[in-house]
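Not measured: the values here are computed from a predicted model. A, B, ... follow the sequence lines: proteins, then strands. Residue 1 opens every chain.
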Amino acid sequence: MDNNFYITTPIYYPSAKPHMGHAYSSILADFFARFKRIQGFKVYFLTGTDEHGQKIQRAAEKKGMEPKKFCDEISKTFFDLSKTLNLSNNDFIRTTEERHKKSVEHLWKILEKKNEIYLSKYSGWYSVSDEAFYSEDEIEIKDTKKISKISGSQVEWVEEESFFFKLSKWQEPLLKFYSENPNFILPESRKNEVISFVKGGLKDLSVSRKSFSWGIKVPSNKDHVIYVWLDALTNYISALNYPITDDNLYKSFWPASLHLIGKDILRFHAVYWPAFLLAANITPPKRVYGHGWILSGEEKMSKSKGNILDPLEIIQNYGIDPLRYYLIKEVSFGNDGNISKDKLENCINSDLANNYGNLCQRVISFIEKNLSLEMPKNYKFNNEDTKTLKVYENNFNNLVNSIDIQNINFYVNFIQDQLFSANKYFNDQEPWKKKEDTDRLNTILYVSLELIRKISIMLYPIIPDTSLKVLKIFNIEEKNIDFNSIKVHESLKNIKKLTKISILFKKIEKND
RNA sequence: GGCGGGGUAGCUCAGUUGGUUAGAGCGCGGGACUCAUAAGCCCGAGGUCAGUGGUUCGAUCCCACUUCCCGCUACCA
């Protein structure tokens, strides 16, 4: 069986600074990457920045900067964000890198050689900020300016020679591909959208521009710059050293296991990208998952509404793990989700401080006071103990399977249930009343520690920093975390002494 | 206009291949305890499962219509 797992985030377009949507995609991707690693997979996790195109060129001009210099600066903010978010990415690719350029040029040449690309002429209303053409009826006039009805962005008349990709001829092969790979597009509702779009007919796609220069030149015609999406999507293989197809990275990790993206760029990933690849005779990725947006209150965040929550500011105030936990747990994956300071604070207090943090604290403090942090010995499980521990075995396959279809809510709910169960266990067993019965006392404490260990391992992909802090109690290091070990109930028997921990999450004082 | 998804407790959402008292978390009210971050545990209040009609012995779950929300897509002009 294939033991490799390749996951990607979108490469981010650095025309502005990072926002919550970027953080969300990245955190989720990191969750999957970390989970698959502790499950025993060889994981390659890629993120990066998409730096070409007219929008960037104009943004740079506006600031009086060279495009490359401009990109260097903003790309760095995304690179820094990947650190702040505690991403475990293996690589950070920039489309302005030489390795990427070579890869795109190669892909272009193949498409050209296979007659998938031809030179023609395009004219129409073009929006720079949308990177899209609009037909006459898709635009309207507002304040003497022509704008797109759909996005409201300004359009300009463009008439130019352009290379076209023969997208139309891939309509049937794509539909065949979708039906042969029913889980290629998830969630299901998005898949239906894509299929109905493709069924509606595909037009050939303009894949070059003459009107600006910031991009990768068409190898056979330097007047043209390669279309940003053809350029950008290729990052997923250029990072694996394509076109060196016998390279170890490429051989191990292509086709990608999962492109995790926002729903707004689904078409590029689910239609154009597999079409380019099929045309070049490259296997398309195994899955594209289009997640929802993070909203603030009921509305999409926007500067004018002043409801923007800056991920960096949130992390500054609350820490990275609370934000990761909130986004992963509180958002119904695939749907749009909400975030507000109020909800985040509630979540931190009840889930992280009261349930998880306090569980660790009460157990460890108890052991410190009664056993001087010695590992409880001579334990002997009774029915109640076994029942509590066995839940992990019984649900193991469900947990693994749910992650494989990106059903992270099942996974998180299971953790919730087990946190409750562990707290209840400690309550019901009342170790403070069993100080005379040392065997029973030891057993209760041992079981409680096992539960903390299991829960902390399951939490590792979500809140890695905190999880590692807790696992330190048992001297478990990151490289030794094994998801499969949640099925084991006597994994702590060789440990002699426990390490004390401090408060994991401080409660937030609510002032209202 | 077409296609698709959805309207379930104050809030965020599960769920039911149709079957006696519809679930969780948060919030709210009460209780017993004390190891713990006044945390945790127990009990409770709160829902005409959008509306109407139909199929059925029986519908929140199936069907039709209505209405509202969301997504994708098209078009008249």
Side-chain angles (χ1 to χ4, degrees), chain A residues 134-140 149-150 185 187-203 262-267 270-271 290-295 297-300 325-327 329-340 342-371 376 402 407-435 441 444-445 448-449 451-452 500-510 512:
Chain A
Y134 292 106
S135 57
E136 197 67 43
D137 49 73
E138 284 174 317
I139 61 167
E140 61 187 354
K149 280 182 189 171
I150 298 160
I185 302 163
E188 197 77 13
S189 55
R190 303 266 159 236
K191 174 169 115 182
N192 297 336
E193 286 173 12
V194 170
I195 289 176
S196 76
F197 171 76
V198 174
K199 277 188 178 156
L202 296 174
K203 282 183 227 159
K263 62 184 182 181
D264 48 327
I265 53 174
L266 184 63
R267 186 189 300 172
V271 181
H291 65 66
W293 288 335
I294 303 304
L295 314 175
E298 289 302 306
E299 296 163 324
K300 199 175 177 190
Y325 183 85
Y326 183 91
L327 291 175
K329 185 238 173 185
E330 213 67 24
V331 178
S332 173
F333 194 46
N335 299 328
D336 291 350
N338 280 283
I339 187 167
S340 66
D342 199 45
K343 286 176 152 188
L344 178 63
E345 289 177 357
N346 285 338
C347 177
I348 292 170
N349 284 351
S350 56
D351 284 17
L352 296 176
N354 292 351
N355 271 325
Y356 181 52
N358 186 54
L359 171 71
C360 297
Q361 202 60 35
R362 70 196 297 202
V363 173
I364 291 298
S365 295
F366 195 95
I367 294 176
E368 186 188 14
K369 282 176 191 163
N370 294 281
L371 294 180
S402 70
N407 184 357
I408 60 180
N409 296 105
F410 177 86
Y411 183 85
V412 180
N413 287 340
F414 181 79
I415 297 177
Q416 285 290 110
D417 291 347
Q418 297 325 304
L419 272 173
F420 169 79
S421 163
N423 267 313
K424 182 171 168 56
Y425 175 84
F426 201 75
N427 257 336
D428 292 354
Q429 299 303 321
E430 302 181 307
W432 49 91
K433 286 186 184 167
K434 310 251 162 81
K435 292 186 185 174
L441 180 66
I444 293 166
L445 297 178
S448 300
L449 288 171
L451 296 176
I452 288 175
K500 203 190 161 185
I501 49 164
S502 51
I503 299 276
L504 298 176
F505 298 96
K506 278 196 192 118
K507 289 193 72 168
I508 294 155
E509 299 284 337
K510 311 276 281 184
D512 48 8

Subject >> Gap between atoms OH and C1', on A/Tyr425 and B/C35 respectively (whole Å) >> reply: 14 Å
**OP:** Among the candidates B/G40, B/U37, B/A36, find the nucleotide nearest to the side-chain atoms of A/Ser365.
**Re:** B/A36
Original post:
With a non-hydrogen cut-off below 4.0 angstrom, is A/Lys507 in contact with a base, only sugar-phosphate, or nothing?
Top reply: base
**OP:** Would you mind classifying the nucleic acid contact of A/Gly357 as base, sugar-phosphate or nothing, using non-hydrogen atoms under 4.0 angstrom?
**Re:** base
**OP:** Looking at every strand, decide which applies to A/Phe505 at a 4.0 Å heavy-atom threshold: base, sugar-phosphate, or nothing.
**Re:** base
Subject >> Euclidean distance for C1', B/C61 against B/G18 (whole angstrom) >> reply: 6 Å
Original post:
Which whole-number value in Å describes the distance from A/Lys424 NZ to B/A39 P?
Top reply: 20 Å
Original post:
Which one is paired to B/C72, where only Watson-Crick or G-U wobble pairs with both distances under 3.5 angstrom count?
Top reply: B/G2
Original post:
Roughly how far apart are A/Ser340 OG and A/Tyr326 OH, rounded to 0.5 Å?
Top reply: 5.5 Å
Original post:
Where the side chain of A/Glu193 is concerned, which of B/C41, B/G71, B/A39 is the nearest nucleotide?
Top reply: B/G71
**OP:** Could you tell me which nucleotide pairs with B/G40 by Watson-Crick or G-U wobble geometry, both distances under 3.5 Å, or answer none if nothing does?
**Re:** none
Original post:
Rounded to the nearest 0.5 Å, how far apart are NZ of A/Lys500 and CD1 of A/Ile367?
Top reply: 13.0 Å
Original post:
How do A/Lys435 and A/Lys343 order along RNA chain B: which one's closest nucleotide is nearer the 5' end?
Top reply: A/Lys343
Subject >> Atom-pair distance (CG on A/Asp342; P on B/G27), nearest Å >> reply: 11 Å
Original post:
Nearest to the side chain of A/Phe426, which nucleotide is it out of B/C26, B/C35, B/G4?
Top reply: B/C35
Original post:
Has A/Phe366 got its ring stacked on B/C35, by the test of a centre gap below 5.5 Å and a plane angle below 30°?
Top reply: no
Original post:
Would A/Glu330 and A/Lys343 satisfy salt bridge (Lys or Arg N to Asp or Glu O under 4.0 Å), going step by step from the backbone distance to the final call?
Top reply: CA-CA 9 Å; A/Glu330 213 67 24; A/Lys343 286 176 152 188; over 6 Å; no
Original post:
How do A/Asn346 and A/Ala353 order along RNA chain B: which one's closest nucleotide is nearer the 5' end?
Top reply: A/Asn346
**OP:** Answer yes or no: side-chain N or O of A/Asn409 and base N or O of B/C13 forming a donor-acceptor pair under 3.5 Å.
**Re:** no
Original post:
A/Lys369 side chain: which of B/C26, B/A36, B/G25 is closest?
Top reply: B/A36
Subject >> Whole-Å C1' distance, B/C11 and B/G53 >> reply: 33 Å
Subject >> N/O donor-acceptor pair under 3.5 Å between A/Lys329 side chain and A/Val412 backbone >> reply: no
**OP:** Report yes or no: does A/Ser350 contribute a side-chain atom to a donor-acceptor pair with the main-chain N or O of A/Asn346 at less than 3.5 Å?
**Re:** yes
Subject >> Minimum-distance nucleotide to A/Trp432 side chain [options: B/C35, B/G40, B/C26] >> reply: B/C35
Original post:
Atom CZ of A/Arg362 to atom P of B/C33: distance rounded to whole Å?
Top reply: 16 Å
**OP:** Whole angstrom is fine here: how far is it from NZ in A/Lys506 over to P in B/A38?
**Re:** 14 Å
Original post:
Across all strands shown, which nucleotide pairs with B/A45 by Watson-Crick or G-U wobble geometry, both distances under 3.5 Å?
Top reply: none
**OP:** Examine distances only and state if a side-chain atom of A/Asn349 and a backbone atom of A/Lys507 form a donor-acceptor pair shorter than 3.5 Å.
**Re:** no
Subject >> Pairing partner of B/G18 (Watson-Crick or G-U wobble, both distances under 3.5 Å) >> reply: none
Original post:
Roughly how many Å is it from CG in A/Asp428 to C1' in B/C33, rounded to a whole number?
Top reply: 11 Å
**OP:** Name the closest nucleotide to the A/Lys329 side chain, picking from B/C42, B/G4, B/G25.
**Re:** B/G25
**OP:** Using a 4.0 Å heavy-atom cut-off across all strands, classify A/Leu504 as base, sugar-phosphate, or nothing.
**Re:** base
Subject >> Spacing between A/Glu430 atom CD and B/C33 atom C1', to the nearest angstrom >> reply: 7 Å
**OP:** Please state the P separation for the pair B/U67 and B/C26 - nearest whole angstrom.
**Re:** 40 Å
Original post:
When the distance from CD of A/Gln361 to P of B/A38 is rounded to whole Å, what number comes out?
Top reply: 11 Å
Original post:
If we take the P atom in both B/G15 and B/G5, what is their distance in whole Å?
Top reply: 15 Å
Original post:
Would you call the rings of A/Tyr356 and A/Phe505 parallel, tilted or perpendicular, where under 30° means parallel and over 60° means perpendicular?
Top reply: tilted
Original post:
Can you tell which of B/G25, B/A39, B/C26 lies closest to the side chain of A/Asn354?
Top reply: B/A39
Subject >> C1' spacing across the pair B/G27 / B/U52, given as an integer number of angstrom >> reply: 34 Å
